[in-house]
2 protein chains.
Amino acid sequence: MDIKIATEIGKCLSNPTRVQIMEWLKEPEKNFPPHETLQHFNDGVCVSYIQEKAGLSQSTVSTYLSNMEKCGLLVLTRYGKWSYLKRNEKIIQEYIDFIR
Amino acid sequence: MDIKIATEIGKCLSNPTRVQIMEWLKEPEKNFPPHETLQHFNDGVCVSYIQEKAGLSQSTVSTYLSNMEKCGLLVLTRYGKWSYLKRNEKIIQEYIDFIR
DNA sequence: CAAACATATCTATAATTACCGATATATAAA
DNA sequence: TTTATATATCGGTAATTATAGATATGTTTG
């Protein structure tokens with residue numbers, strides 16, 4: 001991992017709500033209600049659930065998640081009108097290897 | 001580690017110079033000239049060497065290092081008029097355990 | 001003690017980020 | 001094909017951070 005990407009990841013992890021989102025996504029079934037159309041969390045959690053739980057505006061949370069996805073911390077999967085986000089454990093591990 | 005401290009660490013790691021400093025301090029003997037009064041890097045590297053290498057003002061780098069020490073990323077040791085800084089591997093590991 | 005040196009802190013301005021409401025886009029449902 | 005729903009993006013203001021120069025503090029040395 002290069003220093004530029006590591007810094008972008010650091011920026012994502014410099015805000016308590018975004019750090020909290022990373023923590024919530026460790027255990028979706030514990031932290032979120034079940035999805036209505038999907039019977040699992042295989043692709044993570046939909047944006048609106050995360051937004052609701054974060055208690056910030058839709059636009060703010062959407063921007064957070066977009067940036068977290070751009071730097072690789074999260075993986076985005078779209079099904080119809082829903083977007084699901086899950087942790088990208090591979091990139092997280094690369095980041096850990098970089099800073100350790 | 002609680003989310004507040006993790007966020008402070010994230011802030012420190014959200015700037016390329018500060019990330020770079022963390023990297024340099026992994027291998028002081030490789031990245032810095034030998035100290036004049038001290039014959040080792042056991043307590044890390046003095047502020048002025050880090051400042052010189054970073055290429056930013058003395059006050060800016062001093063503030064960086066101070067914040068990095070406050071959140072636990074670095075350990076500060078003073079000998080007379082010199083301050084030495086080294087990585088705090090214990091806290092770094094705690095941070096890694098938190099985000100993983 | 002005075003001068004020199006290393007580092008920290010203060011003050012100020014420029015740049016960036018936080019956050020929202022409004023609006024756009026894209027899909028699904030009626 | 002309108003309407004509703006989910007998410008993204010735009011435009012703006014408030015808050016925070018970046019960074020520097022000036023100054024203060026503490027230490028060593030002459």
Side-chain angles (χ1 to χ4, degrees), chain A residues 3-4 7-22 25 32-38 41 43-71 73-86, chain B residues 3-4 7-22 25 32-38 41 43-71 73-86:
Chain A
I3 209 164
K4 192 170 179 320
T7 303
E8 291 309 307
I9 290 176
K11 285 182 188 175
C12 286
L13 300 178
S14 71
N15 170 290
T17 301
R18 291 190 298 257
V19 173
Q20 186 71 76
I21 290 169
M22 291 300 292
L25 291 179
F32 299 95
H35 287 129
E36 288 169 18
T37 46
L38 235 54
F41 288 108
D43 297 293
V45 179
C46 68
V47 173
S48 49
Y49 280 12
I50 299 172
Q51 187 244 306
E52 164 76 17
K53 185 142 179 145
L56 294 172
S57 76
Q58 186 266 323
S59 65
T60 296
V61 174
S62 178
T63 303
Y64 281 4
L65 297 174
S66 170
N67 289 333
M68 291 163 86
E69 193 258 337
K70 272 178 198 143
C71 75
L73 275 177
L74 299 180
V75 179
L76 174 78
T77 307
R78 266 186 255 268
Y79 287 115
K81 62 181 174 180
W82 281 278
S83 296
Y84 298 89
L85 289 147
K86 68 176 171 185
Chain B
I3 209 165
K4 193 169 179 321
T7 303
E8 291 308 308
I9 289 176
K11 285 182 188 176
C12 286
L13 299 178
S14 71
N15 170 292
T17 302
R18 291 190 297 256
V19 172
Q20 186 71 78
I21 290 169
M22 291 300 291
L25 291 179
F32 298 95
H35 286 129
E36 288 168 20
T37 46
L38 234 54
F41 288 108
D43 296 295
V45 179
C46 67
V47 173
S48 49
Y49 281 11
I50 299 172
Q51 187 244 306
E52 164 77 17
K53 185 143 180 146
L56 293 172
S57 75
Q58 186 266 324
S59 65
T60 296
V61 174
S62 178
T63 304
Y64 280 4
L65 296 174
S66 170
N67 290 332
M68 292 163 86
E69 193 259 337
K70 273 178 197 142
C71 75
L73 276 177
L74 299 181
V75 179
L76 174 77
T77 308
R78 266 185 254 268
Y79 286 115
K81 62 181 173 181
W82 280 279
S83 296
Y84 298 89
L85 289 147
K86 68 177 172 186

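Lettering of chains follows the sequences in order, A, B, ..., and the numbering in each one begins at 1. Since the model is a prediction, treat every value here as computed from it, not as a measurement.
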Next item on the list: Run the numbers on B:Asp43 and B:Tyr79 for side-chain contact (heavy atoms from CB on, under 4.5 Å), then give the verdict.
Entry: CA-CA 10 Å; B:Asp43 296 295; B:Tyr79 286 115; 3.1 Å; yes

Listed nucleotide nearest any side-chain atom of [X], set [options]:
X	options	result
A:Trp82	D:dA6, D:dT9, D:dA20	D:dA6
A:Arg78	D:dA8, C:dA8, D:dT19	D:dA8
A:Lys81	D:dT5, D:dT7, C:dA6	D:dT5
A:Ser57	D:dT28, C:dC20, D:dA18	C:dC20

Notebook entry, point to check: Would you say the base of D:dA8 and the side-chain of A:Gln58 have a donor-acceptor pair closer than 3.5 Å?
Noted result: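 Donor-acceptor pair under 3.5 Å: yes.
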
Note to self: Regarding D:dA20, can its base be found pairing with the side chain of B:Ser59 as donor and acceptor, where the two atoms are less than 3.5 Å apart?
What the structure shows: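 Present.
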
Counting any heavy atom closer than 4.0 Å, what does [X] reach on the DNA or RNA strands: base, sugar-phosphate only, or nothing?
X	result
B:Ser48	sugar-phosphate
B:Ser83	sugar-phosphate
B:Leu65	nothing

Notebook entry, point to check: Could you state the OH-P distance from A:Tyr49 to D:dA6, rounded to the nearest angstrom?
Noted result: 9 Å

Next item on the list: For B:Lys11 and D:dA15, give me the distance from atom NZ to atom C1', rounded to whole Å.
Entry: 11 Å

Check: Looking at B:Leu85, B:Ile21, B:Leu25, which one forms a side-chain contact (heavy atoms from CB on, under 4.5 Å) with B:Val45?
Finding: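 Only match with B:Val45 under side-chain contact (heavy atoms from CB on, under 4.5 Å): B:Leu25.
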
Check: Where do A:Met22 and A:Val19 land on the side-chain contact (heavy atoms from CB on, under 4.5 Å) test, with the steps shown first?
Finding: CA-CA 5 Å; A:Met22 291 300 292; A:Val19 173; 5.6 Å; no

Next item on the list: Please state whether the phosphate of C:dA8, meaning OP1 or OP2, lies under 4.0 angstrom from any side-chain nitrogen or oxygen of B:Ser62.
Entry: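 Indeed, a polar side-chain atom of B:Ser62 lies that close.
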
Next item on the list: Ignoring backbone atoms, establish whether B:Asn15 has a side-chain N or O less than 4.0 Å from OP1 or OP2 of C:dT16.
Entry: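 It does not, given that no N or O in the side chain of B:Asn15 lies less than 4.0 Å from OP1 or OP2 of C:dT16.
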
Margin query: If you assign each of A:Ser14 and A:Gly80 to its closest nucleotide in DNA chain C, which residue comes earlier from the 5' end?
Written below: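 Looking at the nearest nucleotide for each, A:Ser14 comes out on the 5' side.
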
Next item on the list: Test side-chain contact (heavy atoms from CB on, under 4.5 Å) on B:Thr17 and B:Thr60 and set out the steps.
Entry: CA-CA 11 Å; B:Thr17 302; B:Thr60 296; over 6 Å; no

